[in-house]
A.B. asks: 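I'd like to ask some things about the structure below.
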Amino acid sequence: MPETLAALFLAHVLADYVFQSAAMVDTKSKPETLFLHFLIVLLTAMATTGQVASPAIYALALVHVAIDAIKVKVFSDKFLPHLADQVLHLLTLAIFAKAAPEIYASGIYADVIWLPKLMLYAAGLIYVTRAGGFAVGKLMAGFGDNPIEESLDKGGFWIGLLERGLIFLLLIGDMAGGIGFLVAAKSVLRFEATQDGKKAEWVIIGTLASFGWALAVTLAVMFVGAQLPDLGIAGQTP
């Protein structure tokens, strides 16, 4: 089961956060866009599992698109609906991996025992950084415009991306103590902004949300990764 889950998780991340363009997101209510997204979900699942004939792969792609269609037509594009959408997608992956654990084992990569863990780590890094950026962005949009003047164009985006990526790498690399230095460094660099009450609250909420997302996703990845064969790298921590 964990091998199939890792492969399907990477497929989900690639379909939603790598191969889905902004134009597709904006026009997802159109049938042709949903069909294109269905094809992308299906092809990425085939590519990561090495399986093209399993009915479960086709069913998973249909369920994925159905969740997206319901979300677009019934709910808004705010933080809570977005979070619920992701929870449903991840729950769907777990259900399919539990119901059809042989998907990966019957695919063309079955003999590559270290590949699922590599897939899991790659998917985790993308999900921590890219998906986290969308989630935190939607959360902060509920508090209005950024109150910090003279900020760089997309400066907050890149800061969040880098800090979440660093947290992921520090935890995976068994260097969790480095997160404390990351918090301290950001506190020092943002010191001027935190002198104003509104700016301070903005920075604190955004930072805690970003760090919380990175920690939660990375710990979940580590939990699944503990059930997979090691990557075969000398000195790797079990």
Side-chain angles (χ1 to χ4, degrees), residues 5 8-42 44-45 58-98 123-147 154 156-161 163-165 167-168 198 201-221 223-224:
L5 181 59
L8 293 179
F9 181 42
L10 178 58
H12 166 70
V13 168
L14 291 175
D16 269 11
Y17 297 103
V18 176
F19 297 122
Q20 182 173 217
S21 65
M24 290 177 63
V25 173
D26 293 338
T27 60
K28 193 172 276 189
S29 58
K30 296 181 178 180
E32 55 270 28
T33 302
L34 282 174
F35 180 70
L36 176 59
H37 191 53
F38 165 80
L39 290 179
I40 292 173
V41 173
L42 179 61
T44 53
Y58 294 85
L60 176 64
L62 285 172
V63 172
H64 182 109
V65 171
I67 292 172
D68 284 356
I70 293 172
K71 190 249 183 179
V72 169
K73 293 183 180 299
V74 178
F75 300 100
S76 66
D77 193 33
K78 295 183 179 179
F79 173 69
L80 287 180
H82 175 79
L83 188 61
D85 172 76
Q86 286 304 301
V87 169
L88 283 175
H89 282 310
L90 296 178
L91 184 60
T92 300
L93 299 181
I95 291 172
F96 273 86
K98 180 70 173 178
L125 182 59
I126 297 171
Y127 200 72
V128 160
T129 53
R130 287 280 291 157
F134 285 107
V136 175
K138 291 180 185 301
L139 174 66
M140 300 310 295
F143 297 100
D145 295 331
N146 186 347
K154 293 189 176 181
F157 167 83
W158 285 108
I159 290 171
L161 194 81
E163 71 188 12
R164 288 188 298 275
I167 289 172
F168 179 85
K198 185 176 181 180
E201 291 175 354
W202 178 274
V203 171
I204 291 170
I205 293 172
T207 298
L208 291 179
S210 183
F211 277 47
W213 178 277
L215 289 169
V217 172
T218 306
L219 290 175
V221 166
F223 175 77
V224 177

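Quick note: residue numbers are just sequence positions, from 1.
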A.B. asks: Identify the heavy atoms of Val41 and Ala61 that sit nearest to each other, and give their distance.
C.D. replies: CG1-CA, 3.8 Å
A.B. asks: Identify, with sequence neighbours excluded, every residue that meets ring-ring contact (aromatic ring centres under 6.0 Å, His included) alongside Phe9.
C.D. replies: Tyr127
A.B. asks: Looking only at heavy atoms, which two atoms of Phe168 and Gly124 are closest? And how far apart?
C.D. replies: CE1-C, 3.7 Å
A.B. asks: Quick one: does any side-chain atom of Arg130 pair with a main-chain N or O of Tyr17 as donor and acceptor, under 3.5 Å?
C.D. replies: yes
A.B. asks: Residues in side-chain contact (heavy atoms from CB on, under 4.5 Å) with Ile67, at least two apart?
C.D. replies: Val63, Asp85, Leu88, His89, Thr92
A.B. asks: Specify the closest pair of heavy atoms between Gly165 and Val128, including all atoms of both residues, with the distance to one decimal.
C.D. replies: N-CG1, 4.3 Å
A.B. asks: Would you please name every residue forming a side chain to side chain donor-acceptor pair (under 3.5 Å) with Thr33, sequence neighbours left out?
C.D. replies: Thr27
A.B. asks: Would you name the heavy atoms of Ala97 and Leu8 that are closest together and state the gap between them?
C.D. replies: N-CD1, 4.3 Å
A.B. asks: Which residues satisfy the side-chain contact (heavy atoms from CB on, under 4.5 Å) test with Leu83, sequence neighbours excluded?
C.D. replies: Phe79, Trp213
A.B. asks: Give the C-alpha distance, both sets of side-chain angles, the deciding distance and a yes or no for side-chain hydrogen bond (donor to acceptor under 3.5 Å, both in side chains) between His12 and Gln86.
C.D. replies: CA-CA 10 Å; His12 166 70; Gln86 286 304 301; 3.2 Å; yes
A.B. asks: Test of understanding: with ring-ring contact (aromatic ring centres under 6.0 Å, His included), list the residues that count as partners of Tyr58, not counting sequence neighbours.
C.D. replies: none
A.B. asks: Restricting to non-hydrogen atoms, name the atom on Ser210 and the atom on Gly160 that form the minimum distance, rounded to 0.1 Å.
C.D. replies: OG-O, 4.0 Å
A.B. asks: Among residues at least two apart in sequence or on other chains, which ones pass side-chain contact (heavy atoms from CB on, under 4.5 Å) with Val18?
C.D. replies: Leu14, Ile126
A.B. asks: Rounded to the nearest 0.5 Å, what separates atom CG in Leu93 from atom CG in Leu10?
C.D. replies: 11.0 Å
A.B. asks: The criterion is side-chain contact (heavy atoms from CB on, under 4.5 Å); which residues satisfy it with Thr129, sequence neighbours excluded?
C.D. replies: Leu125, Leu161
A.B. asks: Nearest heavy-atom pair of Ala69 and Leu34: which atoms, and what distance?
C.D. replies: CB-CD1, 3.9 Å
A.B. asks: Any salt bridge (charged side-chain N to carboxylate O under 4.0 Å, His left out) involving residues 59-75? Give me the pairs, sequence neighbours left out, ordered by first then second residue.
C.D. replies: Lys28-Asp68, Lys71-Asp77
A.B. asks: Within a strict 4.5 Å, meaning less than it, do heavy atoms of the Ile70 and Phe75 side chains meet?
C.D. replies: yes
A.B. asks: Given side-chain contact (heavy atoms from CB on, under 4.5 Å), test Ile40 with Met24 step by step and report yes or no.
C.D. replies: CA-CA 11 Å; Ile40 292 173; Met24 290 177 63; 3.7 Å; yes
A.B. asks: side-chain contact (heavy atoms from CB on, under 4.5 Å) between Thr44 and Val13: does it pass, once the steps are laid out?
C.D. replies: CA-CA 9 Å; Thr44 53; Val13 168; over 6 Å; no
A.B. asks: Apply salt bridge (charged side-chain N to carboxylate O under 4.0 Å, His left out) to Asp16 and list each qualifying residue two or more places apart in sequence or on a separate chain.
C.D. replies: none
